[in-house]
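Lettering follows sequence order; numbering is per chain, from 1. Please read these numbers as outputs of a predicted model, since none were measured by experiment.
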Amino acid sequence: MAFRFHDTLTGATRDFEPREPGVVRMYNCGPTVYSSPQIGNYRAWTFVDVLRRSLELGGYDVRQVMNLTDVGHLTLDEIESGEDKLEAASRIEGKTAWEIAQHYIDEFFEAVARLNFARADEYPRATDHIAEMIEIVEGLIASEHAYVTDAGNVYYDVSSFPAYGHLSKNKLEDLDAGARVGVLDEKRHPSDFALWKRDEKHQMQWDSPWGRGFPGWHIECSAMSRKYLGDELDIHTGGEDNVFPHHECEIAQSEGFTGKTFVRFWLHNRHLLVDGRKMSKSGGTAYSFEDVMARGYSARALRYLLLQTHYRLPMNFTWQALDAATSAVASLDVAVRGMVEDATAAGDAALSATCDRLDAAFLAALEDDLNVSAALASVHELKSLANKHGPFSASDAARVRATWERFDSVLGLDLLATAAAEPETHADDAEIQALVDARTAARVARDWGRADELRDELAARGIKLEDGADGVRWSRA
RNA sequence: GGCGGCAUGGCCAAGUGGUAAGGCAACGGAUUGCAAAUCCGUGAUCCCCGGUUCGAAUCCGGGUGCCGCCUCCA
């Protein structure tokens, strides 16, 4: 297998080789659980899911960890105000910070299931790993990468880590020049970032060598990735906004602590735009997963839409595009469901070679820095082939299904299962069936007026009819 | 102000030197009692200007527009 990925740190697209042959250790930035993620976040996680599934299709054993950040991000403003996002949500919603976190974690996993994301091996919560964070902070202090202030706060000394800024291509001088003024004289450099904040009034607080308080934002990822994947990761992902400061700080922490190269490949996805503009809460375009579902779209259509654009390109979300994705998924369902297998059918000599070619093209596209858009061309070519083909011999049908399975192992659209699934039952099924039968009777009697009237009536109830050679099939819109 | 990215037909979107994948929509045809689904067919010279080259959407220079990061954000 020959994957190539674009690495943010080196700025180059390089041949991918994990440290241990055949095994990929991957850490993904997950949700911060103080509010509902918007669909842009789901773009990031769809990318992660497709990446993980592609690596598995390519034969790798993937060890995947996605963090759940359930402590508030400790940022400059929050040091000043003493209130982080979780605390703010707690105040506004009238629940404890712990309740807020749990609520949004539950919501996240609901979406994970509906979007058919393969489950990571671990979803560690920051609040369960305070001891591991303290261990690293102590180590950083011992090695003089960090210092404790008179107030009992601990900061990372960025001047102690020459590579600080390499990931984001920032120069320390430029960062310092743009730094905000007026606060935090206790920091030695404006760019020093907090590892531990002493605060006995904070809802979430723990004992530490520096007094009761809570950890900084970046340290949990250094601690949890190390605990579950070791000191050296093959892949670390996140949205482009995480490049700085989050991942920049992680490198400083992890490498400052272990002295080893933290990550071999940094993969960052570009943001999702809405109608060509940045998503905005005030503009009403920061749609959540639930918002999209509430408009009647399927999670499968959203998944298809999110995965069809290359992850390193800005993607433009429009409702029209989601309509197109809905149609595209439906057409795949028709093709899979419509395959007819006939034991007496003659074998198609060319079929196997065609499937081999599509299989190879699909994987080759994914290997090329996860070019899903190009891979989809193979998927639709198989769709077209299946639609055009007459009855398949048993072995040909098996060959085509195997290709659908390979494709779907990455697409995650449950194509075969959806095609094979029995329709959901509803209370009025018998009633609908009676109307359908009545229409069939009218058609047999060549009473087209009555037949169309019944079809209109069914359509009004959301029923779509398809008159096929083997009878009428109906489905709910 | 510093750093970086993008601009391909109505919409979404591949394609980094050899004469533009794919999806959705639209239109014409086949099929259908009429539809639906499916099949066949139809459409772009790639933001603008200049340059390099036998040849550029692809390289270089200059514009225009949009997006991102510069301590909230996937």
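- In this structure, A/Asn269 does not reach the B/rA74 phosphate: none of its side-chain N or O atoms is under 4.0 Å from OP1 or OP2.
- Across all strands shown, B/rC34 forms no Watson-Crick or G-U wobble pair with both key distances under 3.5 Å.
- When each of B/rG2, B/rC24, B/rC12 is scored by its nearest atom to the side-chain atoms of A/Asn170, the top-ranked nucleotide is B/rG2.
- Straight-line distance from the NE2 atom of A/His6 to the P atom of B/rU16: 15 Å, rounded to whole Å.
- Looking at heavy-atom distances under 4.0 Å, A/His246 makes no contact with the nucleic acid at all.
- Heavy atoms of A/Leu465 sit under 4.0 angstrom from at least one base atom.
- For the residue pair A/Tyr104 and A/Asp70, no side-chain donor N or O sits within less than 3.5 Å of a side-chain acceptor on the partner.
- For A/Val334, taking side-chain heavy atoms from C-beta onward, the closest of the listed nucleotides B/rC70, B/rU38, B/rA13 is B/rU38.
- Rounded to the nearest Å, the gap between the P atom of B/rU52 and that of B/rU58 is 15 Å.
- Side-chain atoms of A/Glu466 lie closest to B/rA36 of the nucleotides B/rG23, B/rA36, B/rA74.
- For B/rU16, there is no paired base (Watson-Crick or G-U wobble, both distances below 3.5 Å).
- A/Asn371 and A/His310 share no side-chain donor-acceptor pair at under 3.5 Å.
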Distance-only criterion, 3.5 Å: show the donor-acceptor pairs between side-chain atoms of residues 322-331 of chain A and protein atoms not counting sequence neighbours.
from	atom 1	to	atom 2	distance (Å)
A/Asp323	OD1	A/Tyr297	OH	2.7
A/Thr326	OG1	A/Leu322	O	2.8
A/Ser327	OG	A/Asp323	O	3.3
A/Ser331	OG	A/Ala328	O	2.8
A/Ser331	OG	A/Lys383	NZ	3.0

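- A/Phe265 carries A/Arg14 over the face of its six-membered ring, with the cationic atom under 6.0 Å from the centre and within 45° of the normal.
- A sub-4.0 Å separation between OP1 or OP2 of B/rG15 and a side-chain N or O of A/Asn371 is present.
- Here B/rG41 sits opposite B/rC27 as a Watson-Crick or G-U wobble pair (both hydrogen-bonding atom distances under 3.5 Å).
- Here the separation of B/rA37 from B/rG28, taken at their P atoms, is 15 Å to the nearest Å.
- If you check every strand for non-hydrogen atoms under 4.0 Å, A/Ala374 touches a base.
- Side-chain contact of A/Ser222 with A/Ser254: a donor-acceptor pair under 3.5 Å is present, judged by distance alone.
- B/rG4 and B/rU8 have their P atoms separated by 23 Å, with the value rounded to a whole Å.
- Among the nucleotides B/rG23, B/rC12, B/rC6, the one closest to the side chain of A/Thr318 is B/rC12.
- Figure legend. B/rG4 is base-paired to B/rC67; pairs are counted as Watson-Crick or G-U wobble with both atom distances under 3.5 Å.
- A sub-4.0 Å separation between OP1 or OP2 of B/rG23 and a side-chain N or O of A/Ser331 is absent.
- Taking atom NE2 of residue A/His380 and atom C1' of nucleotide B/rC12, one finds them 11 Å apart after rounding to whole Å.
- Listed nucleotides B/rC67, B/rC72, B/rA25 differ in distance to A/Tyr34; the shortest reach to its side chain belongs to B/rC72.
- For A/Ser327, taking side-chain heavy atoms from C-beta onward, the closest of the listed nucleotides B/rC12, B/rC39, B/rA25 is B/rA25.
- When the nucleotides B/rG23, B/rC69, B/rC40 are ranked by their closest atom to the side chain of A/Lys388, B/rC40 comes out on top.
- Note on ring orientation: taking the six-membered ring where Trp is involved, the planes of A/Phe407 and A/Phe362 are tilted (angle from 30° to 60°).
- Of the residues A/Phe317, A/Phe47, A/Tyr287, A/Phe289, the one that meets the ring-ring contact (aromatic ring centres under 6.0 Å, His included) test with A/Tyr42 is A/Phe289.
- For B/rC34, the base has a donor-acceptor partner in the side chain of A/Asp467 [N/O atoms by modelled type, under 3.5 angstrom].
- As judged by a 4.0 angstrom heavy-atom cut-off over every strand, A/Leu322 is placed among residues making no nucleic acid contact.
- Comparing B/rA14, B/rC72, B/rG33 by their closest approach to the side chain of A/Asp452 singles out B/rG33.
- The C1' atoms of B/rA7 and B/rA44 are separated by 15 Å, rounded to the nearest whole Å.
- Across the C1' atoms, B/rA21 and B/rC46 are found 14 Å apart, a figure rounded to whole Å.
- Distance check on atom C1': B/rU42 versus B/rA25 gives 14 Å, rounded to whole Å.
- Here the nucleotide nearest the side chain of A/Ala377, chosen from B/rA13, B/rG22, B/rA74, is B/rG22.
- If you take atom C1' in B/rC6 and the same atom in B/rC40, they sit 37 Å apart, rounded to whole Å.
- In this model, the phosphate group of B/rU38 is not approached by any side-chain N or O of A/Asn387 to a distance below 4.0 Å at OP1 or OP2.
- Judged by atom type and distance alone, A/Arg443 reaches the base of B/rG33 through a side-chain donor-acceptor pair under 3.5 Å.
- Between A/Tyr287 atom OH and B/rA74 atom P the separation is 19 Å, expressed in whole Å.
- The residue A/Gly40 sits close to a base: some heavy atom pair falls under 4.0 Å.
- At B/rG22, none of the side-chain N or O atoms of A/Ser373 fall inside 4.0 Å of OP1 or OP2 (strictly under the cut-off).
- Defined by atom type and a distance below 3.5 Å, a donor-acceptor pair is missing between the side-chain atoms of A/His268 and A/Asn242.
- Phosphate contact (OP1/OP2 of B/rG2, side-chain N/O of A/Lys169, threshold under 4.0 Å): absent.
- Rounded to the nearest Å, the gap between the C1' atom of B/rA20 and that of B/rG43 is 13 Å.
- Listed candidates were B/rC34, B/rC70, B/rC12. Nearest to the side chain of A/Pro245 is B/rC70.
- There is a side-chain donor-acceptor pair under 3.5 Å between A/Glu186 and A/Asn153.
- The partner of B/rA56 is absent, by the rule that a Watson-Crick or G-U pair needs both atom distances under 3.5 Å.
- At a cut-off of 3.5 angstrom, the base of B/rA74 holds at least one donor-acceptor pair with the side chain of A/Gln38.
- Rounding to whole angstrom units, CZ of residue A/Arg270 and C1' of B/rC67 are separated by 6 Å.
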